[in-house]
Amino acid sequence: QLSPAHKELLREAKKGAEAREWVKKRLENARWFLDALQQRESTLERIARSIFARQRPFLEKGVSGLRPLRMQEVADEVSVHISTVSRAVAGKYAQTPRGILPLKYFFTGGTVTEDGEMQSQASIKQRIADLIKAEDRSKPLSDEDLAEALEKQDGVKIARRTVTKYRKALNIPSSTERRAF
């Protein structure tokens with residue numbers, strides 16, 4: 001906010017036209033800056049509200065509730081350009097019941113299940129990790145087996161190579177490396 005001392009400076013500067021103009025210009029610049037900050041804060045708040053309205057299942061259930069979300073969807077909802085959303089969430093974090101997470105975390109691609117529901121990449125990765133955690137170590141599941149289990153149990157049809165990509169992203173070794181004798 002503007003310091004009251006600056007308004008006092010403006011009153012004192014009435015004596016000299018040049019000093020008055022200098023102080024007046026500085027006050028206008030300060031007001032412009034404060035307005036820009038207010039607009040940025042408002043934009044970020046609207047974007048965050050949109051994100052969390054759409055990601056409420058994540059806040060309640062965790063990663064399994066994370067829904068696919070594109071920046072364009074949020075941009076359309078809050079009536080800003082997609083680049084504004086991208087800049088607004090860059091380097092920003094939110095404290096959630098699931099921990100402190102970057103706002104970019106909530107933008108994720110996904111896959112449609114057999115019943116038409118969308119599953120995010122993060123929730124599919126979590127499901128792969130859960131399946132591997134529950135497997136029999138003497139007969140670990142191959143990537144093909146994991147893809148079949150996802151389709152049968154969750155209705156998520158993804159390719160074996162996608163399972164491999166997600167497994168590698170999770171730093172989980174292949175079935176031959178996970179085998180316990």
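Sequence positions, counted from 1, serve as the residue numbers for this chain.
- Checking S86 against S83 by side-chain atom types alone, no donor-acceptor pair falls below 3.5 Å.
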Donor-acceptor contacts under 3.5 Å from residues 154-162 side chains, at least two apart:
| residue | atom | partner | partner atom | Å |
| --- | --- | --- | --- | --- |
| D154 | OD1 | R127 | NE | 3.3 |
| D154 | OD2 | R127 | NE | 2.7 |
| R160 | NH1 | T164 | OG1 | 3.2 |

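- Side-chain contact between I172 and Y166: absent, with no pair of heavy atoms (C-beta onward) separated by less than 4.5 Å.
- We find the NZ-CG distance between K165 and L170 to be 12.0 Å, quoted to the nearest 0.5 Å.
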Ring pair (Phe, Tyr, Trp, His ring centres under 6.0 Å) for F52 and F58? Distances and angles first, verdict last. CA-CA 9 Å; F52 291 119; F58 166 79; 8.5 Å; no
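- Expressed to the nearest 0.5 Å, how far CZ of R98 lies from OH of Y105 amounts to 10.0 Å.
- The side-chain heavy atoms of L146 and I132, taken from C-beta on, include a pair separated by under 4.5 Å.
- Heavy-atom contacts from other residues, nucleotides or ligands closer than 6.0 Å to CZ of R26 number more than 12.
- Counting only heavy atoms from C-beta outward, the side chains of T43 and R40 never approach each other to under 4.5 Å.
- Using modelled atom types and a 3.5 Å distance limit, the side chains of Q72 and D76 yield a donor-acceptor pair.
- Side-chain atoms of R67 and Q55, non-hydrogen and from C-beta on, do get closer than 4.5 Å to each other.
- A 4.5 Å side-chain heavy-atom check between L44 and L103 finds at least one atom pair inside the cut-off.
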side-chain hydrogen bond (donor to acceptor under 3.5 Å, both in side chains), that's the test. Do Q39 and D35 meet it? Break it down for me. CA-CA 6 Å; Q39 184 176 358; D35 288 344; over 6 Å; no
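- Taking CG from L101 and OG1 from T96, the interatomic distance works out to 4.5 Å, rounded to the nearest 0.5 Å.
- A169 and K125 get closest at one heavy-atom pair: CB-NZ, 4.0 Å.
- Remark: the backbone N or O of L141 is paired with a side-chain donor or acceptor of E135 at under 3.5 angstrom.
- What you find for V63 and S123 is that their closest heavy atoms are O-CB, 3.2 Å.
- Of the possible polar contacts, one joining the R178 side chain to the P173 backbone as a donor-acceptor pair under 3.5 Å is found.
- Between L66 and S120, the shortest heavy-atom contact is O-OG, 3.0 Å.
- Here S64 contributes atom OG and Q126 contributes atom CD; the two are 7.5 Å apart, rounded to the nearest 0.5 Å.
- Looking at heavy atoms from C-beta onward, V74 lies out of side-chain contact with V89 at the 4.5 angstrom threshold.
- Applying the 6.0 Å contact sphere to CZ of R56 captures no more than 12 heavy atoms from other residues, nucleotides or ligands.
- Contact of the R46 side chain with the E77 side chain is not registered, since no non-hydrogen atoms from C-beta on lie closer than 4.5 Å.
- Under the 4.0 Å criterion applied to side-chain N and carboxylate O atoms, E21 and K25 are not assigned as salt-bridge partners.
- Between the CG atom in L131 and the CZ atom in R167 there is a gap of 13.5 Å [rounded to 0.5 Å].
- Rounding to the nearest 0.5 Å places CG of L150 at 11.5 Å from NZ of K152.
- Y93 belongs to a hydrophobic cluster whose remaining members, ordered by chain and number, are I100; membership requires side-chain heavy atoms of ILVMFWY residues under 4.5 Å apart, directly or through intermediates.
- For E73 and R70, the salt-bridge test passes: some basic side-chain N is under 4.0 Å from an acidic carboxylate O.
- Heavy-atom neighbours of Q153 CD from other residues, nucleotides or ligands within 6.0 Å: above the threshold of 12.
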